Amino acid sequence: MLSATNKKISSVLLVGGTHGNELTGIHLVKQSQKEMLGENYESFSLDYLIANESAIKANQRYIDVDLNRCFKLADLNDSTLTGKESKLAKSINQKFGPKGNSKTDFIIDLHTSTANMQTNIVITRTDLFHLQLASYLKQVLPDVTVTSEAELMEDHHFLESIAPNGVLIEIGPIPQGCIEYACYEKTQSATRACLDFIELFNIDSLPSFTDTLNTQSYYSKIHFPTDDNDDICASVHPSLIGKAYPKLNKGDPIFKRFDGADILYDGEPTILAFINEAAYYDKKIAMCLCNPINFSLISASKNK
Ligand SMILES: [Zn+2]
């Protein structure tokens, strides 16, 4: 177990614009602030953050480095890291953390994906509280997939890791730099469901849950094939484009080369996520691999 809360959640931070070209969360945070969304909840206060204003202005994911990889404790304490996002991470940590002794109890960080990730609930902690949160979101929202980091790092690099509790909500597919109401509405529903859960938790009124939470856990990535000049020389196979978490078996087509030839998958059976994600082209990543992992809420409750 990596984290646990038996304490009530008294302060929640809603974050958009951690990635500057994911507009849905930015507009949802602004609208939520206008509508004073926090007024609907009695047991906690709600604060708002538009995280990376410079990247938003530039309509880019980031300026120097990915802000959502800047929140490891070691990096926050490293005075030699002086890039735009490294400095920004330190100031966000000062204002809403600091990590390890945070004035914020829970962070919801809003993201989008260009891949068909449906409603992707990303958890980085597997204590009872977070397993119950993910189970609740599965109960009340359609097409939720819960994903977790393979190693569930002790000192995570996500912005939401500066608080002891949190979740990353990622809705897709939607192009970068675009707004679509359906995506906005899904993000809004997931955000409100998170806040509803926190309220129910605080007043000891959570519903009952089944014991098992099914999640997908990332374990690897597949890069695009490249030529001798290190240029990408194939696209993701058309049969995979737009698919949500498809299974891939040995021998299935995975890429189509620009000369028209299929490239077949030659690994163990797997599940694919982030297929053709635009944000990963800078690293020539074509897709991520995950496997189902089930968590037991009963076991987690014994670890409390
Ligand atoms: Zn993002």
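Counting convention: from 1, in listed order, for ligands and their atoms alike. Because the structure is predicted, anything quoted here is derived from the model rather than measured.
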Cut-off 3.5 Å, no hydrogens considered: what does the side-chain donor-acceptor table look like for residues 251-260, sequence neighbours left out?
unit_1 : atom_1 : unit_2 : atom_2 : d
Asp252 : OD2    : Asn249 : N      : 2.7
Lys256 : NZ     : Gly260 : O      : 3.3
Lys256 : NZ     : Asp262 : OD1    : 2.8
Arg257 : NE     : Asp259 : OD1    : 3.4
Arg257 : NE     : Asp259 : OD2    : 3.3
Arg257 : NH2    : Asp259 : OD2    : 2.4
Asp259 : OD1    : Ala261 : N      : 3.0

Using the ring centroid of each side chain, check whether Phe158 and Phe71 are separated by less than 6.0 Å. no

Quick check on Lys72: does its NZ atom have over 12 non-hydrogen neighbours (other residues, nucleotides or ligands) under 6.0 Å away? yes

Salt-bridge test for Lys247 and Glu268: reply yes if a basic N is under 4.0 Å from a carboxylate O, no otherwise. no

Under 3.5 Å donor-acceptor pairs involving side-chain atoms of residues 282-292, not counting sequence neighbours:
unit_1 : atom_1 : unit_2 : atom_2 : d
Asp282 : OD2    : Tyr62  : OH     : 3.0
Lys284 : NZ     : Asp230 : O      : 3.4

Could you give me a count of protein N/O/S atoms that are under 2.8 Å from the Zn ion (ligand 1)? 4

Qualifying ring pair (Phe, Tyr, Trp, His ring centres under 6.0 Å) pairs with a residue from residues 23-48, counting only residues at least two apart or across chains: Tyr41-Phe44

